[in-house]
Amino acid sequence: MSSNKITFFQRFEKDILSGAKTITLRDASESHYKAGQRVAVSTYETDRWFCDVLIDAVECIKFDELNQIHAEQENMTLPELRSVITDIYGEIETLWMISFHLVRT
């Protein structure tokens with residue numbers, strides 16, 4: 001994947017655009033993003049661009065360390081967050097937390 005682009009499932013578009021979703025948890029294949037980087041955001045399903053975000057931080061985190069604060073940053077409950085991650089990545093121990101904010105254009 002290009003380091004100047006990131007994709008999200010369509011169901012997260014509204015949360016990103018409203019500022020309710022401010023982090024994403026990814027596997028090591030997407031750990032290359034850097035703080036200060038502007039990234040184009042597209043839907044995973046159709047590759048439709050819908051905004052740009054600015055990466056605030058990229059941090060390694062263990063699945064077992066996820067807590068209510070992470071869930072709130074993802075705009076979901078902690079059980080929902082754990083379930084979504086497991087559905088996408090299966091059993092995974094190490095994640096990369098990418099913090100971001102919407103770039104108003």
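Any value given below was found using the heavy atoms of this structure, including those in side chains, with hydrogens, waters and symmetry copies removed.
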Do the non-hydrogen side-chain atoms of [X] and [Y] ever get within less than 4.5 Å of each other?
| X | Y | answer |
| --- | --- | --- |
| Ile98 | Ile55 | yes |
| Arg38 | Val103 | yes |
| Ile16 | Phe8 | yes |
| Ile88 | Val84 | yes |
| Ser99 | Thr22 | no |

Give, for atom [atom1] of [X] and atom [atom2] of [Y], the distance between the pair rounded to the nearest 0.5 Å.
| X | Y | atom1 | atom2 | value |
| --- | --- | --- | --- | --- |
| His101 | Leu54 | NE2 | CG | 4.5 Å |
| Tyr33 | Asn4 | OH | CG | 8.5 Å |
| Ser42 | Asp47 | OG | CG | 5.0 Å |
| Ser18 | Asn75 | OG | CG | 6.5 Å |
| Leu102 | Asp52 | CG | CG | 8.5 Å |

message: The criterion is side-chain hydrogen bond (donor to acceptor under 3.5 Å, both in side chains); which residues satisfy it with Glu80, sequence neighbours excluded?
response: Thr77
query: What residues, two or more places apart in sequence or in another chain, satisfy side-chain hydrogen bond (donor to acceptor under 3.5 Å, both in side chains) together with Ser83?
result: none
- prompt: Any salt bridge between Arg48 and Glu13, counting N to O under 4.0 Å?
  reply: yes
- prompt: Are Arg82 and Asp87 ion-paired here, with the side-chain N under 4.0 Å from a carboxylate O?
  reply: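 No, this pair does not count.
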task: For side-chain contact (heavy atoms from CB on, under 4.5 Å), just list the numbers for Ile61 and Trp96, CA-CA rounded to whole Å, side-chain angles, deciding distance to a tenth of an Å, and then say yes or no.
output: CA-CA 6 Å; Ile61 186 168; Trp96 293 90; over 6 Å; no
Quick check: closest heavy atoms across [X] and [Y], and the distance to 0.1 Å?
| X | Y | answer |
| --- | --- | --- |
| Asp56 | Ala35 | O-CB, 3.4 Å |
| Ala28 | Ser31 | O-OG, 2.8 Å |
| Ile6 | Val39 | N-CG1, 3.5 Å |

message: Using the ring pair (Phe, Tyr, Trp, His ring centres under 6.0 Å) criterion, which residues pair with Phe12? Sequence neighbours excluded.
response: none
Test ring pair (Phe, Tyr, Trp, His ring centres under 6.0 Å) applied to Phe50 - qualifying residues, sequence neighbours left out: none
- prompt: Between Gln10 and Tyr44, is a side-chain contact (heavy atoms from CB on, under 4.5 Å) present by the stated rule, with each step listed?
  reply: CA-CA 7 Å; Gln10 289 178 158; Tyr44 175 77; over 6 Å; no
- prompt: Which residues pass the side chain to side chain contact (heavy atoms under 4.5 Å, CB included) test with Tyr89, sequence neighbours left out?
  reply: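 Expected list: Arg26, Asp27, Glu30, Ile85, Ile92, Leu95.
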- request: List the steps and the verdict of side-chain contact (heavy atoms from CB on, under 4.5 Å) for His32 and Val58.
  value: CA-CA 8 Å; His32 59 275; Val58 180; over 6 Å; no
Using residues 62-73 as the side-chain source, report each donor-acceptor pair under 3.5 Å to any protein atom, sequence neighbours left out, with the distance given to one decimal.
residue: Lys62; atom: NZ; partner: Thr94; partner atom: OG1; Å: 3.1
residue: Glu65; atom: OE1; partner: Lys62; partner atom: N; Å: 3.3
residue: Asn67; atom: OD1; partner: Ile69; partner atom: N; Å: 2.8
residue: Asn67; atom: OD1; partner: His70; partner atom: N; Å: 3.2
residue: Asn67; atom: OD1; partner: His70; partner atom: ND1; Å: 3.2
residue: His70; atom: ND1; partner: Asn67; partner atom: N; Å: 3.0

